Amino acid sequence: MPGFTLRRLAPGDEAGLAEYIRVRTAVTPEVPESIEQAHWEDATYPGEVTRFLAEQDGRALGTGSTGRIWMNRVDYPRYWLGMWVLADARRRGIGTALYRATSEVARAAGKTGFQTEVSEAWVDGVRFLANRGFTVTGRSKMVQLRLRDLTPPPVTPPAGLRLTTLEAEPDLVAGAHRVAVEAFPDIPTSDEPVEPGTLEAFINRDVDRAGVPRDAFMLAVDEATGEVAGYANLILRPGSTTVAYHDMTAVRPAFRGRGIAAALKRATIAWAVEHGLEALETGNDERNAPMRAINRKLGYTPLPDELDLQGPLAPTP
Ligand SMILES: CC(C)(COP(=O)(O)OP(=O)(O)OC[C@H]1O[C@@H](n2cnc3c(N)ncnc32)[C@H](O)[C@@H]1OP(=O)(O)O)[C@@H](O)C(=O)NCCC(=O)NCCS
């Protein structure tokens, strides 16, 4: 007798969604989730995120989610996998039940495997996945910059460029998309390159997203041509107003080697200090030497590594 029940959250089940957020955030507080973020997902990608709740005696003990990975092409063969079980409810089969249920969803969508990211500090999760055939396909070096008492760094654009924001010049969004199209293929990944998508997909995913402040979406513009050379943006940690992640820092190949990425990043740091944030976090694939060097120079310090894992769907019962 498992003693718990598993149910799939129906669209609009706000009470269930609140429990999903609560359990998920309790299990991995360093990567919390918020109602706003979940609403944004459901509004932007209707029906593409499936969530489950494991309950016993009216208490939510675990939760899981799966769906399309928005940074990959639509027909990418793997779905995202997330599972969170409260520490005092582990080793009772809840994780296994969530893995089976999410696998059925992925299989029904024609997917053949899962992909996920797990902090190396989540020892139970790493072991659970390793025991089910998941392998580490990449490693991100996570870092943090504490902002309290930090003097905002000087923000000086390299010669021939000016810095602006998407809030000040919203029409530059197409230029930012062009940066993504040219730069995303160069981001080291453990599998297929990141897919920028169409302008509309880019705006939905990377601009009009919950927690992406437009006045912190920094753009470097070539003064001679008016073209966008690069951009850097932040995304607030779900549920937080004091911690943000660097979402992306990207420079078109023709403009590299001139200090544009560092200037853009300094502009986002200055924005964060001026807006009273306490910390900025980011992660880069361990092979991303240029970005890691910039982070080191700017004073970021290490957090536990994040592992990229890929693995099979649970076998059909
Ligand atoms: C990964 C995670 C979801 C697993 O949850 P769980 O409920 O403990 O999973 P299960 O109980 O099904 O399985 C855990 C282990 O307990 C064992 N187990 C299951 N029922 C058991 C029982 N009644 N008695 C003893 N052991 C049991 C399982 O066989 C498994 O061991 P194995 O990997 O050697 O086979 C949980 O550890 C977690 O939330 N970790 C933090 C977040 C995370 O890392 N998530 C993974 C990202 S996808």
Side-chain angles (χ1 to χ4, degrees), residues 1-9 16 19-34 37-38 41 48-57 59-72 76-107 109 111-140 142 189-191 237-239 281 283 303-317:
M1 268 299 286
F4 63 88
T5 54
L6 197 66
R7 69 182 169 101
R8 184 177 177 148
L9 290 186
E19 285 300 280
Y20 167 87
I21 304 290
R22 189 181 61 75
V23 170
R24 180 172 164 168
T25 301
V27 174
T28 52
E30 65 277 48
V31 197
E33 180 64 316
S34 70
Q37 182 69 22
E41 288 181 353
E48 287 194 34
V49 183
T50 304
R51 306 181 182 92
F52 291 95
L53 209 53
E55 295 163 305
Q56 185 170 16
D57 302 328
R59 180 180 172 234
L61 302 176
T63 188
S65 69
T66 188
R68 183 162 88 73
I69 304 168
W70 304 313
M71 295 304 279
N72 286 120
Y76 183 67
R78 297 174 188 279
Y79 254 12
W80 151 265
L81 171 66
M83 296 187 302
W84 302 264
V85 176
L86 296 175
D88 66 357
R90 290 188 193 164
R91 307 195 70 79
R92 292 173 41 193
I94 297 176
T96 302
L98 289 166
Y99 177 43
R100 288 208 187 106
T102 47
S103 292
E104 286 317 304
V105 173
R107 191 171 281 114
K111 303 297 170 186
T112 53
F114 277 131
Q115 179 160 299
T116 189
E117 291 159 5
V118 174
S119 166
E120 65 177 356
W122 305 346
V123 178
D124 285 354
V126 174
R127 193 174 43 221
F128 181 96
L129 296 172
N131 285 345
R132 281 151 190 83
F134 282 67
T135 53
V136 176
T137 54
R139 178 180 284 267
S140 287
M142 309 305 290
T189 68
S190 48
D191 200 341
R237 175 192 270 185
E281 295 182 0
L303 293 170
D305 289 359
E306 200 172 86
L307 308 174
D308 300 327
L309 292 129
Q310 290 186 344
L313 305 181
T316 39

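All figures in this text were calculated on a predicted structure; none of them were measured in a lab. Both ligands and their constituent atoms are indexed starting at 1 by order of listing.
For the 3.5 Å distance criterion, the side chains of Gln37 and Arg237 fail to qualify, holding no donor opposite an acceptor. Judged purely by distance below 3.5 Å, without hydrogens or angles, the side chains of Glu30 and Trp122 pair a donor atom with an acceptor atom.
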Original post:
After noting the C-alpha distance and the side-chain angles of Gln310 and Asp191, does the key distance pass the side chain to side chain donor-acceptor pair (under 3.5 Å) rule?
Top reply: CA-CA 10 Å; Gln310 290 186 344; Asp191 200 341; 2.8 Å; yes

**OP:** Go through the steps for Val85 and Val27 under the test side chain to side chain contact (heavy atoms under 4.5 Å, CB included), then give the verdict.
**Re:** CA-CA 7 Å; Val85 176; Val27 174; 5.8 Å; no

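Not a single donor-acceptor pair under 3.5 Å links the side chain of Ser103 to the backbone N or O of Leu313. Between the Thr25 side chain and the Glu33 main chain, a donor and an acceptor come within less than 3.5 Å of each other. Proximity of a side-chain donor or acceptor of Ser119 to a complementary backbone N or O of Ala121 within less than 3.5 Å is detected. The closest donor-acceptor contact from the side chain of Thr116 to the backbone of Leu81 lies under 3.5 Å.
Only the side chain of Asn131 comes within contact range of ligand 1, with a heavy atom under 4.0 Å; no backbone atom does. Residue contacts with ligand 1, taken as heavy atom pairs separated by less than 4.0 Å, involve Val27 solely via side-chain atoms from C-beta onward. Contact annotation for Arg90 and ligand 1: heavy atoms of both the backbone and the side chain come within less than 4.0 Å of the ligand. Counting heavy atoms under 4.0 Å from ligand 1, residue Val85 touches it through both backbone and side chain.
By the 3.5 Å distance cut-off applied to N or O atoms, Val118 is not counted among the residues near ligand 1. Residue Ala89 has no nitrogen or oxygen atom sitting less than 3.5 Å from a nitrogen or oxygen atom of ligand 1, judged on distance alone. Backbone and side-chain nitrogen or oxygen atoms of Arg127 are examined, and none is located within less than 3.5 angstrom of a nitrogen or oxygen of ligand 1.
When distances from atom 2 (C) of ligand 1 to the protein are checked, no heavy atom turns up under 4.0 Å.
You'll find the side chain of Asp57 stays beyond 4.5 Å of the side chain of Arg59, heavy atoms only.
Nearest to atom 11 (O) of ligand 1 by heavy atom, out of Ala97, Gly93, Ala26, Ala121, is Gly93. Remark: among candidates Tyr99, Trp80, Phe128, the nearest residue to atom 13 (O) of ligand 1 is Phe128, based on non-hydrogen atoms. For atom 15 (C) of ligand 1, the nearest non-hydrogen atom from the set Arg24, Arg91, Glu117, Met83 comes from Arg91. Here atom 29 (O) of ligand 1 lies nearest to Arg132 when heavy atoms of Arg92, Arg132, Gln115 are compared.
For ligand 1 and Leu81, the ligand atoms under 4.0 Å from any heavy atom of the residue are 48 (S). Residue Gly95 has at least one heavy-atom neighbour below 4.0 Å for each of these atoms of ligand 1: 5 (O), 6 (P), 7 (O), 9 (O), 10 (P), 12 (O). Proximity to Trp84 (heavy-atom distance under 4.0 Å) selects the following atoms of ligand 1: 39 (O). Under a 4.0 Å criterion applied to the non-hydrogen atoms of Ile94, ligand 1 contributes the atoms 7 (O), 11 (O), 12 (O).
The shortest contact between atom 12 (O) of ligand 1 and any protein heavy atom is with Thr96 OG1, 2.5 Å. For atom 44 (O) of ligand 1, the nearest non-hydrogen atom of the protein is Gly125 CA, 3.1 Å. Considering only non-hydrogen protein atoms, atom 37 (O) of ligand 1 sits nearest to Asp124 CB, 3.2 Å.
A cation-pi contact links Arg51 to Tyr20, judged by a cut-off of 6.0 Å to the six-membered ring centre and 45° from its axis.
Between Tyr99 and Phe128, the ring planes lie perpendicular to each other; the angle is over 60°, past the 30° to 60° tilted range.
Within 6.0 Å of atom CZ in Arg132, more than 12 heavy atoms from other residues, nucleotides or ligands are found, so the atom counts as buried in its surroundings.
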